Colleague: 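Below: one structure in structure tokens.
None of these values were measured; they are calculated from a predicted model. Below, chain A is the first sequence line, B the second, and so on; all start at residue 1.
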Number of protein chains: 4
Amino acid sequence: MNPETRPPRWQRRAEARPQEVLEAALAVFVERGYASARLDEVARRAGVAKATLYLYYANKLELFKAVVRHALVDNLDEVARLQAAAGARPGREQLTFLLHAFMRRVAGSPLSGIPKLVMAEAGNFPELARFYHDEVIARGRAIICGTLARGIAAGEFRAVDVDYAWRVVIGPALLAIIWKHSFLAFEDRGMDFERHLAVHLDMLFNGLAAPDQKGTRDEP
Amino acid sequence: MNPETRPPRWQRRAEARPQEVLEAALAVFVERGYASARLDEVARRAGVAKATLYLYYANKLELFKAVVRHALVDNLDEVARLQAAAGARPGREQLTFLLHAFMRRVAGSPLSGIPKLVMAEAGNFPELARFYHDEVIARGRAIICGTLARGIAAGEFRAVDVDYAWRVVIGPALLAIIWKHSFLAFEDRGMDFERHLAVHLDMLFNGLAAPDQKGTRDEP
Amino acid sequence: MNPETRPPRWQRRAEARPQEVLEAALAVFVERGYASARLDEVARRAGVAKATLYLYYANKLELFKAVVRHALVDNLDEVARLQAAAGARPGREQLTFLLHAFMRRVAGSPLSGIPKLVMAEAGNFPELARFYHDEVIARGRAIICGTLARGIAAGEFRAVDVDYAWRVVIGPALLAIIWKHSFLAFEDRGMDFERHLAVHLDMLFNGLAAPDQKGTRDEP
Amino acid sequence: MNPETRPPRWQRRAEARPQEVLEAALAVFVERGYASARLDEVARRAGVAKATLYLYYANKLELFKAVVRHALVDNLDEVARLQAAAGARPGREQLTFLLHAFMRRVAGSPLSGIPKLVMAEAGNFPELARFYHDEVIARGRAIICGTLARGIAAGEFRAVDVDYAWRVVIGPALLAIIWKHSFLAFEDRGMDFERHLAVHLDMLFNGLAAPDQKGTRDEP
DNA sequence: TATGAATGAGAATTCATTCAT
DNA sequence: AATGAATGAATTCTCATTCAT
């Protein structure tokens, strides 16, 4: 009866809403995949009614695109930051720095949802995949390849085939992202990102072979 | 009128059916993703009625499990058996054998869709993810870890932390699968799986660091 | 900053608003029908916010009623004008005049929307239909019947059954209204209202039968 | 518990179903209008589940088209066939036959709801209106125009402008349909379709003008 | 008075699953 | 064993209506 006791049914939050919706949607899309993501749940997590989503995004696909676009910006920013930071260091130190940064700022943050999402949905959304490939992957690749090339030039690294080596370098780090979003919950012992990175770096630089085994090449 | 002259509308092929269904289902699941895969289409491709699927598999999830089991578990077991039978020397030879087998039998075949698929749908179907984790990942992990452990015991490999090293070993190979299904179409120069594996193995065993740089650890 | 220099975002036009809303609503109801008419569109065409409609009309149904009531007045006025003008003329000239006036002032004007709307929605709104029947149709019918009766009395018209003939007289003219609002857009050659009326009048007075065929009655 | 006491959840009625659905749908569409018609109710009246409708018709619009096609196109074809088979003399006899058939088979049957319905929804569903125009109106028009043309050629009819005369011919018959669905309930004396048709035919052939008035043309 | 923002109550449509044959 | 037919339980999207400003 007393209107004071009844909380308002909703608040006007026109500026904040779209942002909140995007964040909720990112989480749901990452967890569920595009097809299985329920707009009901997006709305619930964003704290709005389902119909409210349609005030800002025309339909599920548009919402999805907006999520990716928005999150891509963050990924791009991160890449740019890595690029700048990578600048002037020599090969090994620089590569260590890059992988550290990637693990901490991408794999270990909500940003990791985007690579996972794009990888998962690339087959269904080629346009999205192309954009991600051209804008994010190409830049990341350039950074890694540049670092490798400089390291080789400086005599720090062996003369590997850079065009393929870059995927070997980033592979275990991307696997960490996939693990985080897919299977971590089922691991008995969890997974320590720091430890994973340490082992990765050690093996990356020093190889698996015992010292006296080095030099036995696998290629003719 | 005469039932003898009229060919039967369907053949009894109880033995062949499940196999055909599994193949159709694999294709559809890989193309569409689990959630978007239509049993209608699986049935159509298998050349049976939708209801017939239920004679062999209790529901969609069970069908998916059967697909995975058929496609990967059997393969993994086979790989383990082959590896044992090959009489390869522990360590480098075994690991090379293993990764070759993986790249040829999984990454380079239609089966490669399965890991990508599971990764994409894991958040949505924990039961599915758990099944995959327990049945496929656990076995693959056991095989790799065993190989690593034997290599270390034999003095061929350095004493890395096997519990983490196994992901570093398989990471680049899994990345090849992801690339194949997500971004390969957008690469200018394509991607040669053989070359990828060669570089991977070289780096895996010998490390990136130039020989005179070895021993410089990244961790204190 | 100075509120004086900033023009108000909206004008207070309390008197004009309802009128504008009614006109917009009429157009939308005629185009879409009651059920499919969107209040969003009514508001847009009226240049107000959707919520503003509720300041004047309690809900969609009340708005609809108001539209019809308001537009009926114009229809009634028109009928009254026809009635007065029809006054003293003999049958044929008078009927020609009436149909001319109807085609020009109703069929050929926005007023035509109301008959179309009422015909379309009569089944769903019996109250509306009754009102229209009693107030508009009954008067129009009286005018036509009176004209026919006078024409017969004057020996200009044959002694047709006036109670049925009036619908035959007005039928083609109403069909023109229906055509205008329903199918005209799909006619290759369009439809010339003047020509339609001319043919109508010719056939109405002179009949279709060739002169030497006249007298062959269709009724025993 | 006793399976005998539990009635089967449904029957297989593959041949009868579509027909039953069409009849239920016709009734609902006519009563409610296209937009307000609920597929729920169509299903309920047809005695099937809502999803069953989609076994036979892809969506609401297709169901509606099927209703119209079934209800009218078949009838028109029948009319045309009857007309041809009747071996009536060109001109008056044929046209009389035609209008009789229309009044009996369309205006006097549940089919009469369709023209009224299409007219009401034409603005909202241009595709629907175009379909109706092309499939129904065009055929009806062709039949009438052909009959008129043959009558003129045979010297039974005056040389009217057939492109406009056809609407004058059918106008009063269509008005009967509209009356039936809109205002008949409010007429004191009801409306006798037979009488309406008789007066219509009489006026159509012989005109309203008294015999000695004939020849006074309304057009220069 | 006017409105942008928000929502609840549906509606059409889809699809894994089940039934009767 | 096999299937065509049927359905119930979602899920996306719409829109008249209401609220807070």
Colleague: State, to the nearest 10°, the angle formed by the axis through the first five base pairs of the helix from E/dA2-F/dT21 to E/dT21-F/dA2 and the axis through its last five.
Modeller: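 Nearest ten degrees gives 20° for this helix.
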Colleague: Please work out which of the three classes, parallel, tilted or perpendicular, describes the rings of A/Tyr34 and A/Phe29, given edges at 30° and 60°.
Modeller: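 Taking A/Tyr34 first and then A/Phe29, their aromatic rings lie parallel (interplane angle under 30°).
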Colleague: First locate atom CD of B/Gln19, then atom OH of B/Tyr56, and finally report the distance between them rounded to the nearest 0.5 Å.
Modeller: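 Rounded to the nearest 0.5 Å, the CD-OH separation comes out at 12.0 Å.
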Colleague: Distance check needed: E/dT13 C1' versus D/Leu61 CG, whole Å only.
Modeller: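 Checked: the CG to C1' distance equals 14 Å.
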Colleague: What are the two closest non-hydrogen atoms of A/Phe186 and B/Ala129, and how far apart are they?
Modeller: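 In this case the closest contact between A/Phe186 and B/Ala129 is CE1-CB, 3.2 Å.
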Colleague: Per the salt bridge (Lys or Arg N to Asp or Glu O under 4.0 Å) rule, which among D/Arg32, D/Lys50, D/Arg45 passes with D/Asp40?
Modeller: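 So the option named by the test is D/Lys50.
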Colleague: Roughly how many Å is it from CG in B/Leu55 to P in F/dG4, rounded to a whole number?
Modeller: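 In whole Å, F/dG4 P lies 12 Å from B/Leu55 CG.
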Colleague: With sequence neighbours excluded, what pairs up with D/Tyr57 under the ring-ring contact (aromatic ring centres under 6.0 Å, His included) test?
Modeller: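 D/Tyr57 satisfies ring-ring contact (aromatic ring centres under 6.0 Å, His included) with no other residue.
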Colleague: Output the rounded distance in Å from OH (D/Tyr54) to C1' (F/dA10).
Modeller: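 Going from OH in D/Tyr54 over to C1' in F/dA10 covers 14 Å.
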Colleague: Show every donor-acceptor pair shorter than 3.5 Å between a side-chain atom in residues 63-72 of chain D and any protein atom, with sequence neighbours excluded, or say none if there are none.
Modeller:
unit_1, atom_1, unit_2, atom_2, d
D/Lys65, NZ, D/Glu127, OE2, 3.1

Colleague: Using side-chain contact (heavy atoms from CB on, under 4.5 Å) as the criterion, list what pairs up with C/Asn124, not counting sequence neighbours.
Modeller: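 Result, side-chain contact (heavy atoms from CB on, under 4.5 Å) vs C/Asn124: C/Glu121.
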Colleague: For DNA chain F, which residues of residues 30-51 of chain A approach it to below 4.0 angstrom with any heavy atom?
Modeller: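 Contacts with DNA chain F under 4.0 Å: A/Ala37, A/Arg38, A/Leu39, A/Lys50, A/Ala51.
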Colleague: Can you tell me the distance, in whole Å, between the OH atom of B/Tyr57 and the C1' atom of F/dA1?
Modeller: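 Going from B/Tyr57 (OH) to F/dA1 (C1'), I get 15 Å.
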Colleague: According to side-chain hydrogen bond (donor to acceptor under 3.5 Å, both in side chains), who are the partners of B/Ser112, at least two apart in sequence or on a separate chain?
Modeller: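 Here the qualifying residues are B/Lys180, B/His181.
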Colleague: When the distance from CD of B/Glu20 to P of F/dA1 is rounded to whole Å, what number comes out?
Modeller: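 The answer, rounded to whole Å, is 16 Å.
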Colleague: B/Tyr56 side chain N/O closer than 4.0 Å to the phosphate oxygens (OP1, OP2) of F/dA2?
Modeller: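 Looking at the OP1 and OP2 atoms of F/dA2, one of them is under 4.0 Å from a side-chain N or O of B/Tyr56.
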Colleague: Toward the 5' end of DNA chain F, which comes first, D/Thr52 or B/Leu53, by nearest nucleotide?
Modeller: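 Looking at the nearest nucleotide for each, B/Leu53 comes out on the 5' side.
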Colleague: Where the side chain of D/Lys60 is defined as all heavy atoms beyond and including C-beta, which of E/dA12, F/dT3, E/dT17 is the nearest nucleotide?
Modeller: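 From the listed options, E/dA12 comes nearest.
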Colleague: Compare every heavy atom of A/Ser182 with every heavy atom of A/Lys116, then report the nearest pair and how far apart it is.
Modeller: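 Here A/Lys116 and A/Ser182 meet closest at CE-OG, 4.2 Å.
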